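This structure is a prediction, so every number in the text was calculated from the model and none was measured. The chains referred to below are lettered A, B, ... by the order of the sequence lines, with proteins before strands, and numbering in each begins at 1.
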Number of protein chains: 4
Amino acid sequence: MRAAVTGRPGRIRSSAARHAILEATRDELAQRGYDKFSVERVASAAGVGKQTVYRWYPSKSALVADCILLGYLRTPGIETPDTGDVRRDITGWAQTFAEISTQPEAVAIALAGTAASAEDSNVAARYHEQIVALTESALSDRLQQGERAGQLKAGVPARTVAETIVGALLYRLLTRQPLTTEFVEELMVVVFDGIQS
Amino acid sequence: MRAAVTGRPGRIRSSAARHAILEATRDELAQRGYDKFSVERVASAAGVGKQTVYRWYPSKSALVADCILLGYLRTPGIETPDTGDVRRDITGWAQTFAEISTQPEAVAIALAGTAASAEDSNVAARYHEQIVALTESALSDRLQQGERAGQLKAGVPARTVAETIVGALLYRLLTRQPLTTEFVEELMVVVFDGIQS
Amino acid sequence: MRAAVTGRPGRIRSSAARHAILEATRDELAQRGYDKFSVERVASAAGVGKQTVYRWYPSKSALVADCILLGYLRTPGIETPDTGDVRRDITGWAQTFAEISTQPEAVAIALAGTAASAEDSNVAARYHEQIVALTESALSDRLQQGERAGQLKAGVPARTVAETIVGALLYRLLTRQPLTTEFVEELMVVVFDGIQS
Amino acid sequence: MRAAVTGRPGRIRSSAARHAILEATRDELAQRGYDKFSVERVASAAGVGKQTVYRWYPSKSALVADCILLGYLRTPGIETPDTGDVRRDITGWAQTFAEISTQPEAVAIALAGTAASAEDSNVAARYHEQIVALTESALSDRLQQGERAGQLKAGVPARTVAETIVGALLYRLLTRQPLTTEFVEELMVVVFDGIQS
DNA sequence: AGCTAAACGAGACGGTACGTCCCGTCTTCAT
DNA sequence: ATGAAGACGGGACGTACCGTCTCGTTTAGCT
């Protein structure tokens, strides 16, 4: 990235190597999970010396954190539509999320990120920023639009709503319960309509 | 428990040893987390041979699972009050949960359980049953009472509501955000009143 | 020792069990050597509880020692002929020993005894008594007969001669060199004729 | 020594570590014997990781073998004098050997080598080469000189004579009998003069 | 073009922990 | 009240990785 800006002599750090490391990290997390994750295997799979990994990252958790931050673990198709109808938009987003979660690898990645977050607060911060905060902000935008458009009540921060939705979905993944269409619809009823008569 | 009921010869497995193992496991999880958890340290702290641990549990995650299942990691004060007013009851429960989560050790235990669940689906199932499902069922009872009492809408399963609440709270712990009174109140507004105007 | 005298239950089996243990010990030594020897395997092979082994023998080396003392490891055919000609008798005995040492199992047993002797001086004492001292005394008898018959010089104890012969043969086994007919003959020349011209 | 000659990448194996391992091995053998020998203790005493030991040696016996081969267990003062009188030379050598064997540590080392040889034929080969074959060849030289000088009979290979002497001495150590001056003298009588009248 | 030096692949290093095997002891059930 | 079965606390095994430290080689910037 910063390549060739310094006046120092010496070989510049290979961004190709870094990329290979991050891809291998993603694969390792998807296949074996955070706990059985091995830097040695990552280096080997990336065709890279172990020291090259440690040149970039001070520890296993920093590597995982960066892998998440740079979006190598990003679940694709996370974009929220914008039809003007907030409830439809958010329901659509949640259903897309549910569909993606039928892919075992996507679940594995999400669980690896969850485990990494539970272990390490730095990872948690980045995981939150990257995967969830982005989602939240997309939802927030939509929710705030809705609020301005008179579709939603004022008084509850969009962030809290977003965390409620994301938390519920992540909890279903964590407990290995399927994210069915019915569940998503029920969640939407709770969040939009409330449960009180 | 089963002591002296079997017709099998051989010394019976020492439940005292098992208890010591589980207590040491709980302490280890609270102090060092799931990732840095060491069976060797557990055995040593329990005053037990390593083989005795492996006689009871085939793996680290099974040990953690049983530790959770048997309630060694149970957060105390999980009981829901029953004042007749569902919203007050559940809000009270959530506030209690939030208060407990100011103790670092309680958070450590919850995060250890989360990490263990992310790694191992058996643990997830047991974690869900023990810690969360109980909570859910307490909430469910209250919610169903409320429903019968005309305080709540019909049409959304109590389980979904419970998972939404628990998911949101756990998500805050995972992302290391404080469980403030404000957050809990906002969550209650979302869940009971909904956000749609 | 006290074997099978009382009429009370359970005791009758004692000597049978002991015999089974010693046979299993012999087999274990022949198959895996002294170093990889396992009391657990012996007990299992003998169809006996581990405690039964330890009732008679305080340790692994004591078991091996007794196994040797009771002749379970005795190389068969160790008898010395008595033709009246000492040199012929002893040469015959040594050649028989050499023949027996073509059986891998017999070598294994001898090496196990050697290893056990090197490790444990109690075993060494018994090994010496049982296997070697007997041989020595047989040789001694013959040598003393020979001395009386004027076939041999006086002045060197029979024991020293016996130890020289046994030591040389054992050394060949230890260094995995074959006990050929030629070697035995050369040894006999050394011992009977000396090397000085 | 070979340092930086290989074209292979990677840090070169530390001969300092190897040396420390071998010294610790020697000490461990002298103090606790072959049977109670522990690789873990050796690594610890050498200030070395266990894997470094296993990088050099595939097994305990290979380690002991190399320890012997490289002379770490060599009994000092093994040189044979050369006075022109073969009998005096060899008698002197044997007496020196006997004196050395009054040191318990030297005996422990010899017994450890014997045990290791009994367990493992590779060790036996190396033990034989290093400790005994050298002795043999020194004796052989002297014996052959003597033969040429007309002091000795022809017809018996020097090797057989050497093995007879070494075997007898080793056998006394193995059976924990003292190597007295008398015994050595008697042995010399047997070997040089023979026992036949 | 030659020099310098950082980054590279490779892999050994001192450690920690793994999960297994066995030691010698202790306890239970069945005979 | 003996004996098989087998769990117990403990110690060591040989393996896998951790994060660090050399190695010889490659590749850049600076003379």
*How many Å lie between CD1 on B:Ile21 and P on F:dA7, as a whole number?*
13 Å
*Find the distance C:Asp35:CG to F:dA12:P and express it as a whole number of Å.*
14 Å
*Toward the 5' end of DNA chain E, by each residue's nearest nucleotide, C:Pro58 or D:Ala46*: D:Ala46
*Indicate whether OP1 or OP2 belonging to F:dA4 is found under 4.0 Å from a side-chain N or O atom of C:Thr52.*
yes
*Can you figure out which of E:dC8, F:dC17, F:dA4 approaches the side chain of A:Ser14 most closely?*
E:dC8
*Given E:dC13, is OP1 or OP2 found less than 4.0 Å from the side-chain N or O atoms of D:Trp56?*
yes
*Please report, rounded to the nearest Å, how far the C1' atom of F:dC18 is from the OH atom of A:Tyr57.*
18 Å
*How about B:Arg26 and B:Leu70: do any of their side-chain heavy atoms sit closer than 4.5 Å?*
no
*To the side chain of B:Lys50, which of F:dA7, E:dT20, E:dT28 is closest?*
E:dT20
*Answer yes or no: is there a donor N or O on one side and an acceptor on the other, between the side chain of B:Lys60 and the main chain of B:Tyr34, under 3.5 Å?*
yes
*Should we say atom CD of D:Glu105 is surrounded by more than 12 heavy atoms from elsewhere, each under 6.0 Å from it?*
no
*When you measure from the side chain of B:Gln51, which nucleotide among E:dG19, E:dT20, E:dA7 comes out closest?*
E:dT20
*Nearest-Å distance, CG (B:Leu63) to C1' (E:dA17)?*
15 Å
*Can you tell which of F:dG3, F:dC18, F:dC13 lies closest to the side chain of A:Ser38?*
F:dC18
*Of the candidate nucleotides F:dC21, F:dG14, F:dA5, which contains the atom at the shortest distance from the side chain of D:Arg11?*
F:dC21
_Please report the distance, rounded to the nearest Å, between CZ in B:Arg13 and C1' in E:dT27._
15 Å
_Please report the distance, rounded to the nearest Å, between CZ in D:Arg18 and P in E:dC13._
11 Å
*If you find the nucleotide of DNA chain E closest to B:Arg41 and the one closest to D:Arg55, which residue's nucleotide is nearer the 5' end?*
D:Arg55
*What is the distance from CD of B:Glu40 to P of E:dC18, rounded to the nearest Å?*
6 Å
*So what does A:Phe37 hit on the nucleic acid, given a heavy-atom distance under 4.0 Å: a base, only sugar-phosphate, or nothing?*
sugar-phosphate
*State which of E:dA10, E:dC18, F:dA7 makes the closest approach to the side chain of B:Tyr54.*
E:dC18
*Which of these nucleotides, E:dA17, F:dC23, F:dG14, is closest to any side-chain atom of B:Arg32?*
E:dA17
*Taking the side chain as C-beta and beyond, is there a heavy-atom pair between A:Leu22 and A:Leu63 under 4.5 Å?*
yes
_Closest contact, heavy atoms only, C:Ala118 versus D:Ala115_ = CB-CB, 3.8 Å
*asked:* Using a 4.0 Å heavy-atom cut-off, does B:Ser59 contact any base of the nucleic acid, only the sugar-phosphate backbone, or nothing at all?
replied: nothing
